[in-house]
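Worksheet for the structure shown next.
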Amino acid sequence: MATCCLSEEDRAAVRRSREIDRNLQAEKKQYRSEIKILLLGAGESGKSTFLKQMRIIHGEDFDDEARIEFRPTVYHNVMKGAKTLAKAVRNLNIPMQHDSNEEFCDILNNYKSNILEPQDFVQYVEPLQALWKDNGIREAFSRRNEFQLGDSVPYFLEKVKEIGKLDYVPSREDVLYARKDTKNIVEYRTHIQGTPFMFVDVGGQRSQRQKWYQCFNSVTAILFFVGSSSFDQVLYEDRTTNRLVESRNIFETIVNNKAFSKVSVILFFNKADLLSKKVPLSNITDYFPSRHFVGNPHKLEDVQSFLIHMFDEVRQDRSKDLYYHFTTAVSTDNMKFVFEAVRDGILKEHIDMI
Ligand SMILES: Nc1nc2c(ncn2[C@@H]2O[C@H](COP(=O)(O)OP(=O)(O)OP(=O)(O)O)[C@@H](O)[C@H]2O)c(=O)[nH]1
Ligand SMILES: [Mg+2]
């Protein structure tokens with residue numbers, strides 16, 4: 001439009017309108033070039049841990065200030081874990097080895113506080129160390145699939161002395177093990193080799209899943225997390241449903257969703273470190289008696305094949321291969337390696353899509 005005959009006011013309006021157009025174009029360009037990766041999966045499968053790794057590997061690492069923010073979560077993980085074990089010895093009728101630990105179990109059973117400061121945690125250090133050494137607690141721990149114990153509890157109980165120091169600052173590894181369930185949608189943006197990436201982390205527990213639909217637009221790829229070691233555990237939410245069954249059911253609805261017909265869905269069979277420790281001790285066929293198992297249930301490769309088949313068979317579109325990795329989200333080296341492999345595939349598909 002020629003602006004020579006317009007009033008000053010109209011010219012300003014035209015300028016504003018052109019600026020809005022320019023901004024819209026720029027946004028559209030960025031939107032198109034940005035790779036959006038959605039992290040999905042049941043609760044405790046490792047999505048937020050993966051997101052922390054993306055920050056460590058591709059963004060700004062957690063500095064002292066950021067790590068100190070995890071201190072209350074670590075205290076909470078330790079106290080809640082110890083309380084859960086104390087309750088379990090009672091419920092399972094396991095006698096404690098030492099009477100003093102019996103008394104501490106009573107204290108823990110009534111424990112309701114939320115420790116925020118180091119000086120409030122110090123008093124628990126010695127009794128916690130003694131508790132964790134007690135054969136009664138060890139027996140309950142060996143039966144942990146019968147109750148709800150977070151996977152990071154043994155990691156933190158092993159290092160209570162260090163956590164109990166007044167100048168304790170969580171290490172990077174402690175940050176990765178610190179467990180807090182996700183209750184909102186977390187977006188993390190970073191550039192990887194010049195390409196803008198946005199990772200979207202959601203809560204996986206049942207109450208959180210109705211929020212997932214808000215994130216379904218313009219997705220480039222989905223990383224679907226499975227707690228692969230959870231085959232002998234039931235859900236935190238209902239204490240009945242097998243965790244692997246729940247995970248497989250969610251995968252089925254996601255992978256067959258029309259909205260994702262052009263989106264690559266990559267399975268992360270996570271907690272591979274825990275899976276390899278569990279397989280020699282626990283028999284997966286006890287939990288899936290009606291499913292056919294090929295091979296030896298105490299051999300890792302055979303259990304892995306069983307898991308792959310269980311997820312693969314629910315996919316309706318058989319024209320594509322199933323993409324999967326066995327991963328350990330708490331290991332930065334493993335995440336670097338695995339993410340590099342999936343990133344190249346995702347970039348290629350993204351270029352094909354735009
Ligand atoms: N040993 C081990 N622990 C893991 C692994 N991945 C995650 N964890 C731990 O498992 C717990 C749960 O992980 P999160 O990343 O919080 O799980 P999430 O999928 O985000 O869970 P929600 O937010 O409830 O959906 C944390 O304590 C993690 O440190 C793994 O590969 N190995
Ligand atoms: Mg989470």
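One-based numbering along the sequence shown. Here the structure is a predicted model, which means the values were calculated and not measured.
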Cation-pi check, R243 to F231: give yes when NZ or CZ is under 6.0 Å from the six-membered ring centre and within 45° of the ring axis, no otherwise. no
Assign the ring pair F326 / Y324 to parallel, tilted or perpendicular, where the plane angle (0 to 90°) is split at 30° and 60°. perpendicular
Which heavy atom of V200 sits nearest a heavy atom of E187, and at what distance? CG2-CG, 4.3 Å
Kindly determine whether N296 and D302 satisfy side-chain hydrogen bond (donor to acceptor under 3.5 Å, both in side chains), including the steps that lead there. CA-CA 6 Å; N296 176 355; D302 293 344; 5.7 Å; no
Which pair of heavy atoms, one from Q316 and one from N256, lies closest together, and at what distance? N-OD1, 2.9 Å
Is the ring pair F268/F50 parallel, tilted or perpendicular, if the boundaries are 30 and 60 degrees? perpendicular
Salt-bridge test for R206 and E246: reply yes if a basic N is under 4.0 Å from a carboxylate O, no otherwise. yes
Parallel, tilted or perpendicular, judged at 30° and 60°: which one describes the rings of F216 and F260? perpendicular
Look at E146 together with R143 and state whether they make a salt bridge at an N to O cut-off of under 4.0 Å. yes
Quick test of your reading of the model: are D64 and R67 salt-bridged, counting only N-O distances below 4.0 Å? yes
Test: D273 and K271 ion pair at under 4.0 Å: no
Output yes when R90 and D106 qualify as a salt bridge under the 4.0 Å nitrogen-oxygen rule, no when they do not. yes
Pair E126 + K161, salt bridge at N-O below 4.0 Å: no
I need the N270 CG to T49 OG1 distance, nearest 0.5 Å. 7.5 Å
Exercise: identify the closest heavy-atom pair between E34 and F197: CG-C, 4.4 Å
When rounded to the nearest 0.5 angstrom, what is the spacing between CZ in F339 and NE2 in H325? 10.5 Å
Atom CE of M335 and atom CG of L176: how far apart are they, to the nearest 0.5 Å? 10.5 Å
I need the minimum non-hydrogen distance between P72 and L116, along with the two atoms involved. CB-CD2, 4.0 Å
Ignoring hydrogens and angles, state whether a donor on the side chain of S282 or D232 is under 3.5 Å from an acceptor on the partner side chain. yes
To the nearest 0.5 Å, how far apart are CE in M79 and CD1 in I115? 4.5 Å
With a 6.0 Å cut-off on the ring centroids, do F141 and F147 count as close? no
On the 0 to 90° scale, with breaks at 30° and 60°, tag the F224-F311 ring pair as parallel, tilted or perpendicular. tilted
Between the side chains of R22 and E19, is the shortest nitrogen-to-carboxylate-oxygen separation below 4.0 Å, so that they form an ion pair? no
Distance (rounded to the nearest 0.5 Å) between H309 NE2 and E313 CD: 5.0 Å
Short question: side chain of K47, backbone of G41 - any donor-acceptor pair under 3.5 Å? yes
Tell me if a side-chain donor or acceptor on Q205 pairs with a main-chain N or O of D181 at a distance below 3.5 Å. no
Salt bridge flag under 4.0 Å for residues R172 and D61: yes
For a quick test of reading the model, state the closest non-hydrogen atom pair linking S229 to K278 and the distance between them. O-NZ, 2.8 Å
Using a strict threshold of under 4.0 Å (side-chain N to carboxylate O), is an ion pair present between E173 and K159? no
